[in-house]
Structure formats: structure tokens, C-alpha cells
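Chain letters run A, B, ... following the sequence lines, proteins first and then strands; every chain starts at 1.
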Amino acid sequence: MAGKPKLYYFDGRGKMESIRWLLAAAGVEFEEEFLETREQYEKLLQSGSLLFQQVPLVEIDGMKMVQTRAILNYIAAKYNLYGKDLKERALIDMYVGGTEDLMGFILMFPFLSAEDKEKQRAFIVQKATSRYFPVYEKVLKDHGQDFLVGNSFSWADVHLLEAILMVEEKKSDVLSSFPQLQAFKRRISSVPTIKKFLEPGSQRKPVPDDKYVETVRKVLRMYYDIKAN
Amino acid sequence: MSGKPRLHYVNARGRMEPIRWLLAAAGVEFEEAFLETKDDLKKLQTNGDLLFQQVPMVEIDGMKMVQTRAILNYIAGKYNLYGKDLKERALIDMYVEGLADLNELISSNFFQPADKKEEHLASVMDKAANRYFPVYEKVLKGHGQDFLVGNKLSRADVQLLETILLVEESKPDILAKFPLLQSFKAKTSNIPNIKKFLQPGSQRKQPIQEKDIPRLMQIFH
């Protein structure tokens, strides 16, 4: 028993990726068990480990935690990435809510038809540049500090970097009108734990491909069509 | 300027309802400013009052808070409805997120094409009966206490009651196989702040009526 958190999910980003980012940012080593077959998933279901019969599942500190948001809240608080008081937490929660909504548009992207992918790509870029990125650009400009909240590295910074990189995968010059975010991206990418996570060979997962989509559909028996926004 | 929280939303349940429930359960009086037209929403947007141009928005303690979860987390934290430590919070968060998923499934019925609504609702009721409610029945059975976490009222209890009542609106006998949820419902409904909120004339909102749909759609689309 290593004592390290253990993550149960597909070998891909999905809803687990933000959790990997946060653990990595906190400098916490973790193990992973990848779901590859329906049988593995059914075994997990029968074991009673999945409170609502769903993954992500993270075994941490003697708990079998499910629900992405619950897991992220726990890790953030445990490793002091959740602000110093209720008001800082409120800001972090608001900012993370925004980046979560933005990344939510990207979550379903691999499951879309080729035609819907083009529509969704445009939708993601439009929302990123008109609704979300301007908010974080302004926050950074207004206080002039290195981090989003409380002049201190927090979950909000990790989540925003993750979102920026994901949107850049859809349009590489998406930050061209956002100088504060460009500097933010460079700064946060240089935080040692994050720098390490961004290097090849880390547990960060690549852009989802057809094999990932096929595995998810097969394991979850999720064969219905997913629509674009 | 009253100092009371001020809720900005349409005069309907939507994403604001869990916030109304939690404030009421905490015994916090609040005001509401209802969006009646698209212009009302535009005004808030152009004033810069909505961080991501969306409602719900709650003015509270000098902040203009948006993002439902952020608002609920803040209220729960401020009014001691979020457990006593990280581990209790972890349990509360797991329970609350499960209920949020169920609530989301129920609201999504509204957006189903007319010919698929009935089938969709049946599958959602099936999930309520087989995936969600058994979890809370088992939690209550496991510790034999009145509340879900830490032997004390928390946001998880408030949200569970809200969800039970919501599901019962579609399937009145949903708790038939859940004796502990039945007594949970009775006991929690009797807590003074909650009892008051459940009475006619409170700020609790009713299900959307057909006649209101066009007006509400027009505000957001």
C-alpha cells in the first residue's frame, strides 16, 4: 500500500485530467489504473467502489472519492491551493467555474461527428475569446499580480493554464489579443511542479484520439450520438 | 441598501432554486430582482455586473457572485452548513454533486424533443430510483443518524430534501421503497426554517408553467 492517491479512469483526459493537473501542481505523486475493457468496469461496479456507478474514482486518504468537483475541492483544500479565507475561496470558485464551463465545451469534442467538430471548434474559440479569456485578462491587469487570487498560487491558476493550453490546441494563436494571459501562461508553466508535468513522459494525457473515443464507448456502452453546442 | 443578499434571476426555479433553499435553511432573509425581459439581462451585462455575462448572480457581502457552485459553497461555508473539517466536506461534496447530477437530468427533460420527453423522463425516474436514492438510503441506514453527514444539518440534507420533493412532482411514489428517506423527508421538512420555506407565500418557486415558457426562452435566447 503506497499511500499515494490512485486514479481509476480511461487512459485519456476526460473528467480526470483536471484532477491530474491539480495533483501534479501540488507536487503529489499518484498512481493510475486505466479502464480498458467492459469487464474491468463491471468488476469496479460490483466492488461497490463507485458511489454513483461512475468514474472518475480517486482513492485518497482512506476514501473512495467520486464526483470530479468533490475530488478537486478536497485536493485544493488539503494542499493549500484554495485561498486563505472564504472570500478568496469565493473568487477561486467563480474563476474555476468559468474555466470549467469553457473546458466543458471541449470535453465532448472527440465524440462529435467531423462536421460538428468544425462547428464546435468555432464555438469554443468564440466563447474563449469573447466571454472567458477577457475576464481573466482583466483580473490580472487590474491587480498586476502574478496569480489570479490573493497574490498566491492557487487552483484557479492551475485550472486556467489547463484551459488555455486546451483552447490553444484548437487554435494556436488564440491568445494573440491577451498579453496578460500570454505572460501568465509563461509564468505558470515555469512553476517547477507544473514544468515537470508539461514535460514528455509525465502523467499528463494527450489530445483524445479515436482510440480513446472507442474505448470510452465500449467500456461505458455509450453508443448514442453526442451533439455539438 | 438593506445588507440582505440580493438574487438576480428570472421568476422561476432554474439554477437559482438551490441557492434560495440554502439561504432559507440558513435562516437568511434575501431579496430578489427578477429579469422580466431580455433588456433586463442586457442591462446587467452592459453594467459589468455579470462576470461571465450569465445569471444566477447574487449580491452578497459586497461581492457580485456568479457560478451556482461558487455561490452555494460560499453560503454553506459562511453559515456552517459545510461540515466541520475536510473529510466531512468531502462527503458533503460527493453527496451534493450526485444530487446536482440528478437535478440536471430532470431539468434536461425540458429540452428534449416533444416525442422523446416521456421516454426521457422515465429513464430519469429510473436513475433516481436505482442510482441516486439508494445511495442516500444506505448512508442514513449505515449511521442511523438524522442527517447525512456529521450528525448535523448540512447543505447535503437541504439539497436532498429539495431533490426528493422535485422527483415526487413527477413520480409521487418514488420513496415507496425508501423508508429512511421517508422519515428523513418528514423530519427535515419540520426544521423551522425549512418548514417556513415550504409554506405558501415563501420565496420558493413553483414548477414552470407552459404559458411562461415563451417569455422565459425569449430572455435567454
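For the atom pair B:Met65 CE and A:Leu91 CG, the distance stands at 7.5 Å (nearest 0.5 Å). To the nearest 0.5 Å, the span separating CZ on B:Phe52 from CG on A:Leu102 amounts to 9.5 Å. The CG atom of B:Asn73 sits 5.5 Å away from atom CZ of A:Arg89, with the distance rounded to the nearest 0.5 Å. Atom CZ in A:Phe52 sits 8.5 Å away from atom CE in B:Met94 (nearest 0.5 Å). Note that the OH atom of B:Tyr132 and the CD atom of A:Gln53 stand 8.5 Å from one another [nearest 0.5 Å]. A distance of 7.0 Å separates CD of B:Glu97 from CZ of A:Arg69, quoted to the nearest 0.5 Å.
When the candidates B:Lys138, B:Lys127, B:Gln54, B:Lys78 are compared by the number of heavy-atom contacts under 4.5 Å with chain A, B:Gln54 comes out ahead. The candidate from A:Thr68, A:Asp101, A:Leu86, A:Ile71 with the greatest count of non-hydrogen atom pairs under 4.5 Å with chain B is A:Leu86. Note on A:Ala77, A:Gly98, A:Pro134: by heavy-atom pairs under 4.5 Å with chain B, the leading option is A:Gly98.
The environment of B:Lys205 atom NZ is dense: over 12 non-hydrogen atoms of other residues, nucleotides or ligands sit within 6.0 angstrom. In A:Lys6, the NZ atom is crowded: over 12 heavy atoms of neighbouring residues, nucleotides or ligands sit closer than 6.0 Å. When the shell of 6.0 Å around NZ of B:Lys187 is examined, it contains more than 12 heavy atoms from other residues, nucleotides or ligands. More than 12 heavy atoms of other residues, nucleotides or ligands sit less than 6.0 Å from atom CD of B:Gln145. By the 6.0 Å contact criterion, CD on B:Gln218 is enclosed, its count of non-hydrogen atoms from other residues, nucleotides or ligands being greater than 12. Residue-environment remark: OH (A:Tyr224) stays at or below the threshold of 12 foreign heavy atoms within 6.0 Å. Other residues, nucleotides and ligands contribute over 12 non-hydrogen atoms within 6.0 Å of the CD atom of B:Glu169. For B:Lys141, the NZ atom is loosely surrounded, since the number of other residues' heavy atoms within 6.0 Å does not exceed 12.
Only the backbone of B:Asn130 has a heavy atom closer than 4.5 Å to any heavy atom of chain A. Residue A:Lys64 touches chain B through its backbone alone, counting heavy-atom pairs closer than 4.5 Å. Both the backbone and the side chain of A:Lys78 come within contact range of chain B, with heavy atoms under 4.5 Å apart. Contacts between A:Asp61 and chain B at a heavy-atom distance below 4.5 Å involve backbone atoms as well as side-chain atoms. With a threshold of 4.5 angstrom between heavy atoms, A:Val135 approaches chain B through side-chain atoms but not through N, CA, C or O. For A:Met63, the part lying under 4.5 angstrom from a heavy atom of chain B is the side chain only.
Of all non-hydrogen atoms in A:Ala90 and B:Ala70, the two that sit nearest each other are O-CB, 4.3 Å.
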Problem set entry | Stepwise side chain to side chain contact (heavy atoms under 4.5 Å, CB included) test for B:Gln67 and A:Tyr95 | CA-CA 9 Å; B:Gln67 290 287 332; A:Tyr95 298 158; over 6 Å; no

For this session: For side chain to side chain contact (heavy atoms under 4.5 Å, CB included), just list the numbers for A:Gln54 and B:Arg131, CA-CA rounded to whole Å, side-chain angles, deciding distance to a tenth of an Å, and then say yes or no.
Result: CA-CA 10 Å; A:Gln54 297 164 318; B:Arg131 172 173 289 190; 3.2 Å; yes

